[in-house]
2 protein chains.
Amino acid sequence: MQGQRIDVASEKPYPVFLGVTLENLGEYLATRIGMGEHLLVVTHPNIAELYLDSLKKGLPSFRVDTLIVPQGEEEKSLERISELTSAAIAYGADRKTVVLALGGGVIGDLAGFFASMFMRGMRYVQIPTTLLAMVDSSIGGKVAVNHPAGKNLLGDFYPPLAVWTDFSTLETLPWEEMLNGLAETVKHAVIADEELLSFVERHAQDIKARKPELYKELASRSSAVKVKLVSEDETEQGKRMFLNFGHSFGHALEAEMAYQGITHGQGVSIGMVAATHLAQERGLMSNAEVQRLINLLKSFGLPVSIKGKNPQTLIDLMGADKKNYQGQKVLVLPKGIGQAIVVRDAKDEEIMRAWKKVIK
Amino acid sequence: MQGQRIDVASEKPYPVFLGVTLENLGEYLATRIGMGEHLLVVTHPNIAELYLDSLKKGLPSFRVDTLIVPQGEEEKSLERISELTSAAIAYGADRKTVVLALGGGVIGDLAGFFASMFMRGMRYVQIPTTLLAMVDSSIGGKVAVNHPAGKNLLGDFYPPLAVWTDFSTLETLPWEEMLNGLAETVKHAVIADEELLSFVERHAQDIKARKPELYKELASRSSAVKVKLVSEDETEQGKRMFLNFGHSFGHALEAEMAYQGITHGQGVSIGMVAATHLAQERGLMSNAEVQRLINLLKSFGLPVSIKGKNPQTLIDLMGADKKNYQGQKVLVLPKGIGQAIVVRDAKDEEIMRAWKKVIK
Ligand SMILES: NC(=O)c1ccc[n+]([C@@H]2O[C@H](COP(=O)([O-])OP(=O)(O)OC[C@H]3O[C@@H](n4cnc5c(N)ncnc54)[C@H](O)[C@@H]3O)[C@@H](O)[C@H]2O)c1
Ligand SMILES: NC(=O)c1ccc[n+]([C@@H]2O[C@H](COP(=O)([O-])OP(=O)(O)OC[C@H]3O[C@@H](n4cnc5c(N)ncnc54)[C@H](O)[C@@H]3O)[C@@H](O)[C@H]2O)c1
């Protein structure tokens with residue numbers, strides 16, 4: 001088997017395979033779960049069309065069924081889990097069945113949460129096909145669905161059997177989707193890996209030209225940051241919090257716009273810039289470092305400011321973040337490039353000034 | 001604090017308090033979670049009427065909200081979890097909120113599963129008010145909801161912060177409900193505690209006369225069996241399986257009758273007799289031991305046979321048990337009184353003969 005393996009330390013440790021192929025998953029599974037077992041692929045119609053044959057080609061010694069879920073964030077719901085349950089039972093699934101989550105973060109979160117509860121838990125494999133899923137959502141064992149009362153409101157910490165990443169699936173991913181993963185990659189670089197930031201800067205043109213070799217390197221390094229942080233802190237008490245850099249600001253913006261007309265990557269991009277301004281005001285970042293981040297984001301076409309927003313509304317929305325603690329907003333601020341800190345004493349005035357720097 | 005404490009060994013160990021009072025829970029909680037925290041009581045209307053005041057009296061130093069769920073097995077559903085989610089958000093619940101599940105197995109399973117997934121997990125306390133919940137469902141961390149495709153089909157292993165058992169709540173429990181807990185108690189005695197069986201036999205008349213002191217003793221001993229078995233085997237790979245004694249047969253009967261006109265206790269009672277006949281045929285039980293079980297069940301008015309059922313239908317239904325393994329029916333058989341074994345080689349012919357012994 002080609003490719004690289006990194007292990008996530010966790011209550012139940014699991015391997016992340018990077019640079020493997022869909023066709024080879026069967027070979028690995030045969031060593032992990034034995035042959036003949038029942039597999040349930042959960043995926044979207046477009047992904048099934050592109051990649052289901054390749055995946056199935058490697059699974060001749062298993063009984064394979066497929067559950068197709070329509071695309072879209074709104075499919076991450078309890079209702080969809082109920083439908084998956086009926087379909088799984090119709091296919092004779094039981095607690096020995098292994099779920100293969102083939103897709104982006106929506107499929108990973110939904111199929112993973114479904115696996116966590118069906119007959120009190122089946123095993124599942126994350127097979128990420130978006131850059132965001134590869135570097136972020138497939139790693140760390142967080143699974144969830146949305147609820148009218150909040151995004152990712154119902155979920156679990158439920159580590160997969162393995163993460164199986166075939167970079168070649170990125171070739172068909174639209175550029176807008178790529179940008180969501182790039183925003184998280186810049187985040188990983190800023191909070192934990194200065195070299196990754198230099199790498200992305202050096203190769204910005206080739207990344208935009210979508211050279212496959214570059215994505216391998218970029219995604220591997222970016223995944224490694226996530227593996228490192230979640231390994232040190234599985235249930236989000238300490239360092240895993242750093243991954244929230246840009247997200248407290250970004251989520252407020254996404255919520256204010258009701259998730260319309262702004263992508264998650266765009267929200268995170270503007271959010272990182274806002275947080276970085278706050279960090280600069282506190283003397284944690286130099287002006288040059290702030291500019292470095294802004295220039296990089298701009299070079300990909302990610303936004304670094306937004307028009308016509310009311311900062312007070314955004315601050316109020318930040319007050320509803322489920323990561324806040326005892327009424328205090330919890331923020332992640334970069335400390336130079338490659339480090340971060342968590343602050344629980346940010347005043348609304350300084351948050352206001354940070355917002356004003358990104359509202360034009 | 002009066003009462004007895006036994007600890008469940010588990011990945012996350014937790015204490016079971018027996019013979020405490022609802023009024024004293026607050027005192028204990030203050031030491032476990034600190035004062036001022038947000039509590040969310042989940043209960044039924046009739047239980048709220050009977051016991052909510054007593055519970056709340058002990059909680060002056062907490063912020064307490066109550067979510068009322070209609071009675072009935074059909075309330076254990078994903079739809080109800082969705083409604084609890086909306087209500088919890090409206091009350092400002094967050095991941096620091098502690099759920100108090102005040103009721104029988106329906107409330108315990110539902111509120112526990114809700115707690116397991118809300119914001120990826122809040123803490124919860126089991127406060128069982130039925131005999132069945134006290135000796136069985138509140139212990140062991142199994143939580144679940146039903147789905148049209150199967151009972152308890154979606155769930156989790158999610159240990160509570162503590163189990164808080166006030167025996168005085170049994171005073172208002174209808175006798176039919178008491179019988180469900182008595183059937184499980186007889187089960188515990190047969191698989192693991194011969195002394196408990198003698199105790200129940202000796203005091204059958206006083207139990208029927210509902211003498212409170214007896215319930216304390218009976219429920220404490222019966223709970224202790226469950227604590228012991230789940231402590232040795234949290235996720236149901238080994239000895240915990242013994243708890244399934246009578247249930248493979250019983251569930252088939254309940255399913256055949258579509259859960260109408262038969263209680264769970266009645267199903268388990270007939271199921272234990274059937275399994276015991278099979279055990280006798282295999283030389284694991286003497287005729288006298290079989291009669292001892294039958295006489296005891298009869299003395300409470302629990303059924304030991306049933307009219308007009310087709311044994312083949314029941315065998316087919318047993319084939320759908322989620323505890324079966326690789327197409328083999330997995331059965332628990334008593335070995336004398338006080339021990340049990342798991343068998344995976346039972347032939348349909350012997351199961352047929354066992355059914356015939358209980359079908360009149
Ligand atoms: N669990 C976590 O830790 C975590 C972390 C971050 C984000 N998330 C979640 O991830 C979700 C977003 O994930 P996403 O950005 O991957 O979006 P997504 O899963 O919706 O995928 C984006 C789109 O790309 C399509 N697609 C996927 N792979 C493709 C491919 N190889 N070629 C062509 N098209 C492809 C999908 O069909 C979809 O339409 C959100 O629901 C978010 O909450 C979870
Ligand atoms: N999690 C487990 O390990 C486990 C084990 C066994 C059973 N269960 C589940 O438990 C459920 C059955 O539980 P149950 O038998 O407690 O039934 P239940 O929860 O439905 O309670 C029975 C009835 O008694 C009423 N009641 C409860 N306490 C009362 C009191 N003190 N005074 C008066 N009325 C009271 C309730 O309102 C209800 O109508 C089933 O859903 C079953 O699947 C779970």
Side-chain angles (χ1 to χ4, degrees), chain A residues 11-12 34 36-38 77-97 109 113-122 140-158 234-237 319-327, chain B residues 11-12 34 36-38 77-97 109 113-122 140-158 234-237 319-327:
Chain A
E11 239 180 68
K12 290 190 183 169
E37 294 287 350
H38 184 219
S77 68
L78 281 186
E79 291 74 23
R80 180 55 63 179
I81 287 199
S82 182
E83 285 163 35
L84 289 176
T85 303
S86 307
I89 288 287
Y91 281 128
D94 63 23
R95 56 178 71 172
K96 298 267 162 197
T97 296
D109 279 14
F113 192 35
F114 170 60
S116 82
M117 69 171 78
F118 186 82
M119 295 192 178
R120 295 202 181 81
M122 337 183 236
K142 279 168 75 170
V143 294
V145 296
N146 303 320
H147 182 275
K151 269 205 70 174
N152 294 324
L153 192 52
L154 303 173
D156 200 359
F157 290 95
Y158 192 67
E234 194 176 8
T235 52
E236 222 166 11
Q237 314 296 311
D321 193 321
K322 66 176 179 255
K323 287 177 174 120
N324 291 344
Y325 186 62
Q326 298 189 333
Chain B
E11 239 180 69
K12 290 189 182 170
E37 295 287 350
H38 184 219
S77 68
L78 281 186
E79 291 74 22
R80 180 55 63 180
I81 286 199
S82 182
E83 285 164 36
L84 290 175
T85 303
S86 307
I89 287 286
Y91 281 128
D94 64 23
R95 56 178 70 172
K96 299 266 162 196
T97 296
D109 280 12
F113 192 35
F114 170 59
S116 81
M117 70 171 79
F118 186 81
M119 296 193 178
R120 295 202 180 83
M122 343 183 231
K142 278 167 77 169
V143 294
V145 296
N146 303 321
H147 182 276
K151 269 205 69 173
N152 295 324
L153 192 51
L154 302 174
D156 200 357
F157 289 95
Y158 192 69
E234 195 176 9
T235 52
E236 223 166 9
Q237 314 296 312
D321 193 319
K322 67 174 177 257
K323 290 185 171 109
N324 291 346
Y325 186 63
Q326 298 190 330

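Chain A is the first sequence line, chain B the second, and so forth, proteins listed ahead of strands; every chain is numbered from 1. Bear in mind that the values here come from a model prediction, so they are computed numbers and not experimental data.
Of the two parts of B:Tyr158, neither the backbone nor the side chain holds a non-hydrogen atom closer than 4.5 Å to a non-hydrogen atom of chain A. Within the 4.5 angstrom heavy-atom criterion, no atom of A:Val145 approaches chain B. Using a 4.5 Å cut-off between heavy atoms, A:Ile89 touches chain B through its side chain atoms alone.
Distance CE/B:Met117 to NE2/A:His147: 10.5 Å, rounded to 0.5 Å.
Applying the side-chain hydrogen bond (donor to acceptor under 3.5 Å, both in side chains) criterion to A:Asp156, with sequence neighbours excluded, gives no partner residue. A search for ring pair (Phe, Tyr, Trp, His ring centres under 6.0 Å) contacts involving B:Phe118 returns B:Phe114, not counting sequence neighbours.
Interface summary for chain A: among B:Ser82, B:Ala149, B:Ser86, the most heavy-atom pairs under 4.5 angstrom belong to B:Ser82. Top candidate by heavy-atom pairs under 4.5 Å with chain B, chosen from A:Ile81, A:Leu78, A:Asp94, is A:Leu78.
By the 4.5 Å heavy-atom criterion applied to side chains, A:Asn152 and B:Arg120 are counted as neighbours.
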